There are 2 protein chains.
Amino acid sequence: MATGRTHRPATRSRGIPEATVARLPLYLRALTALSERSVPTVSSEELAAAAGVNSAKLRKDFSYLGSYGTRGVGYDVEYLVYQISRELGLTQDWPVVIVGIGNLGAALAGYGGFASRGFRVAALIDADPAMTGKPVAGIPVQHSDELEKIIEEDGVSIGVIATPAGVAQQVCDRLVAAGVTSILNFAPTVLSVPDGVDVRKVDLSIELQILAFHEQRKAGEESNAEADAGAEAETPAVAPPAPRGSTGATRKGPDGDVPAVMPA
Amino acid sequence: MATGRTHRPATRSRGIPEATVARLPLYLRALTALSERSVPTVSSEELAAAAGVNSAKLRKDFSYLGSYGTRGVGYDVEYLVYQISRELGLTQDWPVVIVGIGNLGAALAGYGGFASRGFRVAALIDADPAMTGKPVAGIPVQHSDELEKIIEEDGVSIGVIATPAGVAQQVCDRLVAAGVTSILNFAPTVLSVPDGVDVRKVDLSIELQILAFHEQRKAGEESNAEADAGAEAETPAVAPPAPRGSTGATRKGPDGDVPAVMPA
DNA sequence: CCATCTTTGTGCACGCGTTCACAAAGACAT
DNA sequence: ATGTCTTTGTGAACGCGTGCACAAAGATGG
């Protein structure tokens, strides 16, 4: 999960739990696929399988939206597509600005899933004057001096930050000052924003590290039966630094008292 | 949060809760920054602020790793960097393959955060023969025919999927069959994998839709006091489809009994 | 050596989210 | 109309994650 709500302590908005909101797009995608295949109705079991969730969870999720199913039959696909779209606010158009048109920003600008569902790239913005005017994905890049003007004139409320980490906070501040109240952050930094502004982050590096953790655990369990003088990569490249004032004493680890992590 | 563990039902691995694991990279990043500024120790309060979390939560998180702090002083920065790195498995090298070198794949290949911490791009793979041999971010693209060979020879266990949604599942199947056990999926699809394989997904479209939901709610609360004949964008572009067999009867919504969602 | 002060580590309670299991509701056949 | 069968909607129980609040630990100064 490359995400994580930064702000707003899980207050359930209008009675819809945050966890449910996060799954609605998943359901919507599955339903859209069914709709394109002209499937008229779908059961909670089928739809849950398509979305990769438990069917009971799906039914409870839908129950927060209202009673949109028919017992003995299932859910009307078209009707549900509309209800979820409306609940997510996708029946209206959301202009979005992308700030930072490097490799990633360009990729985002060209992302097809953008325009498809209510989102419209209102502007691409970069601080590099050499980029100004250059078309990316068919849209000319504008200089960051124009940022405030664009946001106010176009009524942009969603901003995407794809800049280097170093400038992300100040870009964020400018976006917020200009009126943006929702930010999708791709820069590897913790953004601080005032109350009322939502931030979601997408962080490749964090995702990989979480995968590495589980991967290591898998590998560790396999080789646990084998000799402890492990076959590979068990020895760290660098020696662990000693804690301040420590003279190499033992530390209380979760495995009990072991010598301060110093394999061989 | 652009992520979401797909598999493995929140089983706490070796006593460390999943939620804690997801925060460790955050702490590590903050600690690395402190380390570069040669800060020797840090209190839970300071570190928590830098990572954007509650200090009690941080202390509890660290308590799962062991007792690495000194009461009255705080945590030794270097020591903690090492401990967390080790816990996350970053003291060893993880070769990674990226499949699908379009805009996004190229951006990922060029992402600096990759090499910095234990991850190494072992290969870039694309199905388009025209791409083969072309260097992207300094690495020549290889044809997907080579996929199995590369994974086995290099011992790759982590794969990144940046292909179109249509082929993501079959790419995934090939990766898994060749030995990959951790997958980071950027394609907007639900991947199904056998037990023992971890999948994390990063989905721009879902993140935007979640933001739109909250954005809509904010706008709704503002205009609630105003006239209901809303100023803008309140009228859906398409009429809501009627549910199967419905003759336009009322539906039980969460707001009570209202006429089936048909504004004006 | 003792007192004071800072900061960790954690017991406890609370709330959210998930899952089970079942009654109610409706479709459909006879 | 009545009975059967399918599938929804939800009450209830459980487990995880969070945050409070405090006791224990150790540093520091006299």
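Everything numeric in this text was worked out from a predicted model, so none of it was measured.
As a whole-Å value, the separation of B/L47 CG from C/dG9 P is 12 Å. At whole-Å resolution of the value, CG in B/D61 and C1' in D/dG17 are 10 Å apart. Between A/R23 atom CZ and C/dT19 atom P the separation is 8 Å, expressed in whole Å. Atom-to-atom, CG of B/N54 to P of D/dA21 comes out at 12 Å; the value is rounded to the nearest Å. In this structure, B/E18 places its CD atom 16 Å from C1' of C/dT18, rounding to the nearest Å. Rounded to an integer number of Å, the gap from B/L58 CG to D/dG17 P is 16 Å. The distance between atom CZ of A/F62 and atom C1' of C/dG17, rounded to the nearest whole Å, is 17 Å.
Residues B/L211 and A/W94 have side chains not in contact (no heavy-atom distance under 4.5 Å, counting atoms from C-beta outward). By the 4.5 Å heavy-atom criterion applied to side chains, A/F119 and A/V160 are not counted as neighbours. Inter-residue side-chain proximity for B/L184 and B/V96 is flagged as unmet; no heavy-atom pair is nearer than 4.5 Å.
Nearest approach of A/K218 to B/S182, heavy atoms of both residues: NZ-OG, 3.6 Å.
Checked by distance alone, B/K60 brings a side-chain donor or acceptor within 3.5 Å of a matching partner on the base of D/dG19.
Between the side chain of B/E215 and the backbone N or O of A/D198, no donor-acceptor pair lies under 3.5 Å. For B/S35 (side chain) and B/L31 (main-chain N/O), no donor-acceptor pair under 3.5 Å exists by modelled atom type.
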Between N or O atoms, less than 3.5 Å apart, protein on one side and nucleotides 1-8 of chain D on the other: list the pairs.
unit_1 : atom_1 : unit_2 : atom_2 : d
D/dT7  : O4'    : A/G72  : N      : 3.0
D/dT8  : OP1    : A/S44  : N      : 2.5
D/dT8  : OP2    : A/S44  : OG     : 2.6
D/dT8  : O2     : A/R71  : NH1    : 2.8

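If one axis is set at each end of the helix from C/dC1-D/dG30 to C/dT30-D/dA1 from five pairs, those axes are 10° apart, to 10°.
Shown are B/Y75, B/Y82, B/Y79; of these, the ring-ring contact (aromatic ring centres under 6.0 Å, His included) with B/Y68 is made only by B/Y79.
Sorted by first and then second residue, the salt bridge (charged side-chain N to carboxylate O under 4.0 Å, His left out) pairs involving residues 23-48 of chain B (not counting sequence neighbours) are A/D203-B/R29, B/R23-B/D61.
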The test is side-chain contact (heavy atoms from CB on, under 4.5 Å); show your working for A/R217 and B/V21 and say whether it passes.
CA-CA 12 Å; A/R217 205 173 54 81; B/V21 173; over 6 Å; no
